[in-house]
There are 4 protein chains.
Amino acid sequence: MRGLNRVTLIGNLGNVPEFQALEGGVSVAKFSLATTETFKDKNGQNHSDTEWHTVVLWRSLADLAHQYLKKGSSVYVEGKLKTRNYDVKDGSKRYVTEIIADQIIILDKRTNADE
Amino acid sequence: MRGLNRVTLIGNLGNVPEFQALEGGVSVAKFSLATTETFKDKNGQNHSDTEWHTVVLWRSLADLAHQYLKKGSSVYVEGKLKTRNYDVKDGSKRYVTEIIADQIIILDKRTNADE
Amino acid sequence: MRGLNRVTLIGNLGNVPEFQALEGGVSVAKFSLATTETFKDKNGQNHSDTEWHTVVLWRSLADLAHQYLKKGSSVYVEGKLKTRNYDVKDGSKRYVTEIIADQIIILDKRTNADE
Amino acid sequence: MRGLNRVTLIGNLGNVPEFQALEGGVSVAKFSLATTETFKDKNGQNHSDTEWHTVVLWRSLADLAHQYLKKGSSVYVEGKLKTRNYDVKDGSKRYVTEIIADQIIILDKRTNADE
DNA sequence: TTTT
DNA sequence: TTTT
């Protein structure tokens, strides 16, 4: 291994995972994950800051997400950053950064995959 | 703490850090970091995949980067993901995801900050 | 920063946190944390492996643990490894490795510190 | 995945890796790794604190360590904590906590495995 | 026992 | 000693 590209998140899903079964039996899922940070400002006031992440899961992780995660679920996600580009009509390019998951831990009791 | 938003990278700088001393004595630096992953495909062929990240550093970390990092430097970066949006002339919005560093370790002997 | 010493755990408490208010207003807490790994063996059988860790918390983290964590609580712990030695009656030394926490996230809804 | 048990270290080897080829073609290596933390005390004095870790590597990671790491090498190690016990002559037990590596990145230019 |  |  020569480089390291790792992301770890704990947060809540902003939507039901979008799930697709691709040709060849491969499945993909995608969801938005909110991570919230709380902090006190210099005046001692509590604030919170929410950051939204796009999480992409493949194969068995996609199936797991599809089966057990719902809007609001709490989850630990581990993966890597990947920036994709796509073309837009006007001929320019757009970039989007996603987290390709390689591990998840479902943190809600009720929706837990081991039940 | 309620959420977790952490990125850890080991890679090489693609450029000299851009450095700015803002009003009020605050400094910022920004650089591109390449993380390279090597893997064998199903035919046993070696491949490598490079991902580019935008790393932003504030205050003393910006100063450290400015002083000790150069193009090609090897560095460990720890921070959090932040997606900013900005307006474009045509009235639409663009999004860019950056890593806001909160720790770095310089991994090159010759440029080491502790020398 | 020149070195990195970081541990991240998600698991369940094996006991109520032991809590002590030391002289000078400093508090300490300590608990055992079980992390469970599940895996399939070569015959496809499911197995699980539990590892026990000693987690030590100081000051406000100790207070938080004391107030919100109980036996069985699910928690994310981030900290560093520290090996202490102590003398035994026979004149020899014993070593014990602990995780000194610097962040925790309480993962149970019901005992959540933010409620 | 239900639990998380992860350690990440950046430090220097205190010794040449001890290497063993076990029966059945499996290899193991073991080394001590020093992680050094530097900090300023309340009087502004610089201090450093070194922690020693026992790192165990199996199979291809053992071979890699054997071939490329030497005393003083700088390395990134990722793995999990495992506490083993062993019996002592007087009938009591001793415990030792080790890091079982599952990834390493060699950080010295000269000894780099990719050269 | 390492490194800067 | 925990949890699913």
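Within every chain, numbering begins at 1; the chains are lettered A, B, ... in the order of the sequence lines, protein sequences first and strands thereafter. What you see below is based on every heavy atom in this structure, not just the backbone, and it leaves out hydrogens, waters and symmetry mates.
- Under the rule for a side-chain contact (heavy atoms from CB on, under 4.5 Å), the partners of B:Q103 that lie at least two apart in sequence or sit in another chain are B:E78, C:M1.
- As a whole-Å value, the separation of A:I105 CD1 from F:dT3 P is 17 Å.
- The neighbour count for D:K40 NZ, taken as heavy atoms of other residues, nucleotides or ligands under 6.0 Å away, does not exceed 12.
- For the pair C:L9 CG and F:dT2 C1', the computed distance is 13 Å after rounding to whole Å.
- In this pair, D:W52 does not lay its aromatic ring on the base of E:dT2; centres under 5.5 Å and planes under 30 degrees do not both hold.
- Using a 4.0 Å heavy-atom distance criterion, D:T50 is classed as a base contact.
- Rounded to a whole Å, the NZ atom of D:K30 is 19 Å from the P atom of E:dT2.
- For C:A34, counting side-chain heavy atoms from C-beta on, the closest listed nucleotide (F:dT2, F:dT1, E:dT3) is F:dT2.
- If you take CZ of D:R2 and C1' of F:dT2, they are 10 Å apart, rounded to a whole angstrom.
- When atom types are taken as modelled, the side chain of C:N43 and the backbone of C:Q45 share no donor-acceptor pair closer than 3.5 angstrom.
- Minimum atom distance to the side chain of D:N12 is reached by E:dT2, of the listed F:dT3, E:dT1, E:dT2.
- Taking atom CG on C:L33 and atom P on F:dT2, their separation rounds to 13 Å, with Å as the unit.
- Atom-to-atom, NE2 of D:H53 to C1' of E:dT3 comes out at 13 Å; the value is rounded to the nearest Å.
- Counting to the nearest Å, the C1' atom of E:dT4 and the CG atom of B:D108 are 14 Å from each other.
- Judged purely by atom type and a 3.5 angstrom limit, A:D108 uses its side chain to pair as donor or acceptor with the backbone of A:S74.
- C:N46 places its CG atom 20 Å from the P atom of F:dT3, with the value rounded to the nearest Å.
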